[in-house]
Amino acid sequence: MFLAFALITLLGALGMLLQKNIIVAGLFMVAAFFGIAGLFVLLANPVAAALQIIVYSGAIMVLVLFVIMMLNSHEEEAAEFSRPIQRWLSLALVLALAVGAVKLVMASKGVQELAVRGAATSPAVTLQGVGAVLFADHLLGFEVAGLMLLAAMVGAVALTKRNL
Amino acid sequence: MTGMDAILHGGLQGYLVVALLLFAIGLAAVLLRRTLLMQFMGVELMLNAANVALLAFARFRGGDLQATVFYLFIIAVAACEAAVGLALIIGLYRHRDTTDSDRTASLKQ
């Protein structure tokens, strides 16, 4: 099961990276987000899985696809300057970062110890538990998040409206 | 479970490797693609990679609930970022008629 969801996630992300058409790339992103939601279910966290599908696949990607269709620029424009050195350099940087970090994780004694110690099944995360922690320990953060969503909403309308 | 076995069957290392590769793909999208919307999707991918690592560590530390609360805050910020970022892209497209980041390298027309 883990391998299936990991492959859905990584192949979706890779398809997004390699796709020329931006709408198809957006749909690959939706597949990747569904794969991540599956990984969250396997991590005994159905709350995060539901939020992932509702907020990312449901709200954010729909907003992105809506903007892509509205802007009517579905294909990547021809490059103004070809920058071969920068492109190969960034590709090498990304590959070095990925290989180095994976090697670091596989060699880490602390991660290995944590993986063995935490392998016992823990109870699944419930919405009730999350709500209790959220309103007991992080009430101020919750209010600030609400205020920030309001500010972002007002800001988005102010930025896109032609004449206020 | 350690080594390859952990990667193939969902040990902590497996989730961390998935998160790292997801981050690398997102970074590659930001660095290699020129369309601003593709770069935006790359940023979203990197954000999700961090979430996968956070919730994996929480599960292997005995189902810590604080991580899920943090995840809630992270997606609230991601939603704000998506709304404002897309509004900026729309505004740019209206002024310049392009979503290519190379063509919008300077603020002046």
Side-chain angles (χ1 to χ4, degrees), chain A residues 2-3 6 9-10 13-14 16-17 22 25 29 36 39-40 42-45 47-48 51 55 59-60 63-64 67-68 71 73 76-77 79-81 87 90-91 94 97-98 101-102 105-106 111-112 114-115 118-119 122-123 125 129-130 133-134 138 141 145 148-149 152-153 155-156 159-160, chain B residues 1-2 6 8-18 20-22 24-25 27-29 31-35 37-38 40-41 44-45 48 52 55-56 59-63 65-66 68-69 71-73 75-80 82-84 86-91 93 98-100 102-103:
Chain A
F2 168 77
L3 206 58
T9 306
L10 290 177
L14 210 60
M16 186 280 276
L17 176 63
I22 307 177
M29 278 292 278
I36 292 173
L39 289 180
F40 288 167
L42 292 183
L43 283 169
N45 201 337
V47 178
L51 280 173
V55 176
I60 293 183
L63 196 65
V64 171
V67 169
I68 292 171
L71 292 188
S73 64
E76 190 156 65
E77 293 165 46
E80 198 174 15
F81 317 102
R87 289 177 78 82
S90 54
L91 195 63
V94 168
L97 192 74
V102 167
V105 164
M106 294 313 291
V111 169
Q112 246 170 48
L114 196 64
S122 52
V125 173
V130 174
V133 173
L134 179 61
H138 301 284
M148 192 178 57
L149 279 166
M153 190 175 76
L159 282 169
T160 43
Chain B
M1 278 198 294
T2 50
L8 291 179
H9 296 100
L12 177 57
Q13 286 103 331
Y15 288 98
L16 291 181
V17 167
V18 168
L20 287 170
L21 293 180
L22 213 56
I25 293 173
L27 187 62
L31 290 175
L32 295 175
R33 301 301 300 258
R34 289 185 313 276
T35 313
L37 284 158
M38 291 295 296
F40 176 82
M41 286 197 260
E44 293 289 330
L45 219 51
N48 268 280
V52 171
L55 290 179
R59 152 74 179 80
F60 281 86
R61 289 179 68 87
L65 286 177
Q66 303 280 346
T68 311
V69 174
Y71 171 73
L72 208 82
F73 286 137
I75 56 172
V77 174
C80 294
V84 175
L86 290 172
L88 283 171
I89 293 175
I90 290 176
Y93 188 75
T98 179
T99 53
D100 188 314
D102 272 2
R103 288 184 170 77

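Because only heavy atoms are used, hydrogens play no part in the values below, and waters and symmetry mates are left out as well, while side chains stay in.
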### Query
Do L86(B) and L37(B) have side-chain heavy atoms sitting under 4.5 Å apart?
yes
#### Entry: Top contributor to chain A contacts, counting heavy-atom pairs under 4.5 Å, from T98(B), L88(B), N48(B), L72(B)
N48(B)
### Query
Can you tell which of I22(A), L17(A), L159(A), L39(A) has the highest number of heavy-atom pairs within less than 4.5 Å of chain B?
L17(A)
### Pairs of heavy atoms under 4.5 Å with chain B: top-ranked of A13(A), A59(A), G129(A), A145(A)
A13(A)
### Query
Taking all atoms of both residues into account, what is the closest heavy-atom pair of E44(B) and A78(B), and its distance?
OE2-O, 4.2 Å
### Side chain to side chain, T35(B) and F40(B), heavy atoms closer than 4.5 Å
no
### Task
Could you check which of V105(A), L91(A), L51(A), L71(A) has the highest count of heavy-atom pairs closer than 4.5 Å to chain B?
L71(A)
### Query
For chain B, which of A44(A), A6(A), A48(A) has the most heavy-atom pairs under 4.5 Å?
A48(A)
### Task
Find the one option among L43(A), L97(A), V94(A) whose heavy-atom pairs under 4.5 Å with chain B are most numerous.
L43(A)
### Heavy-atom pair count under 4.5 Å with chain B, highest-scoring of V47(A), V55(A), V64(A)
V64(A)
## Note on the structure
For V111(A) and L12(B), the nearest pair of non-hydrogen atoms, with its separation, is O-CD2, 3.8 Å
#### Entry: Heavy-atom proximity to chain B below 4.5 Å, by part of I36(A)
side chain
### Message
If we define contacts as heavy-atom pairs under 4.5 Å, which of V18(B), L21(B), L20(B) has the most with chain A?
### Response
L20(B)
### Query
For R33(B), which residues count as a side chain to side chain donor-acceptor pair (under 3.5 Å) partner, sequence neighbours excluded?
E76(A)
### Note, F73(B) side chain near H138(A) side chain (heavy atom, < 4.5 Å)
yes
### Query
Considering residues at least two apart in sequence or located in another chain, which fulfil the side chain to side chain donor-acceptor pair (under 3.5 Å) criterion with T68(B)?
N45(A)
## Note on the structure
Honestly, the part of L55(B) sitting under 4.5 Å from a heavy atom of chain A is both
### Task
Specify which of L16(B), I89(B), T99(B) makes the most heavy-atom pairs with chain A at under 4.5 Å.
T99(B)
### Task
Please look at M16(A) and chain B and tell me whether the side chain, the backbone, both or neither of the residue comes under 4.5 angstrom of a heavy atom of that chain.
both
### Query
Does V17(B) reach the side chain of M106(A), with side-chain heavy atoms less than 4.5 Å apart?
yes
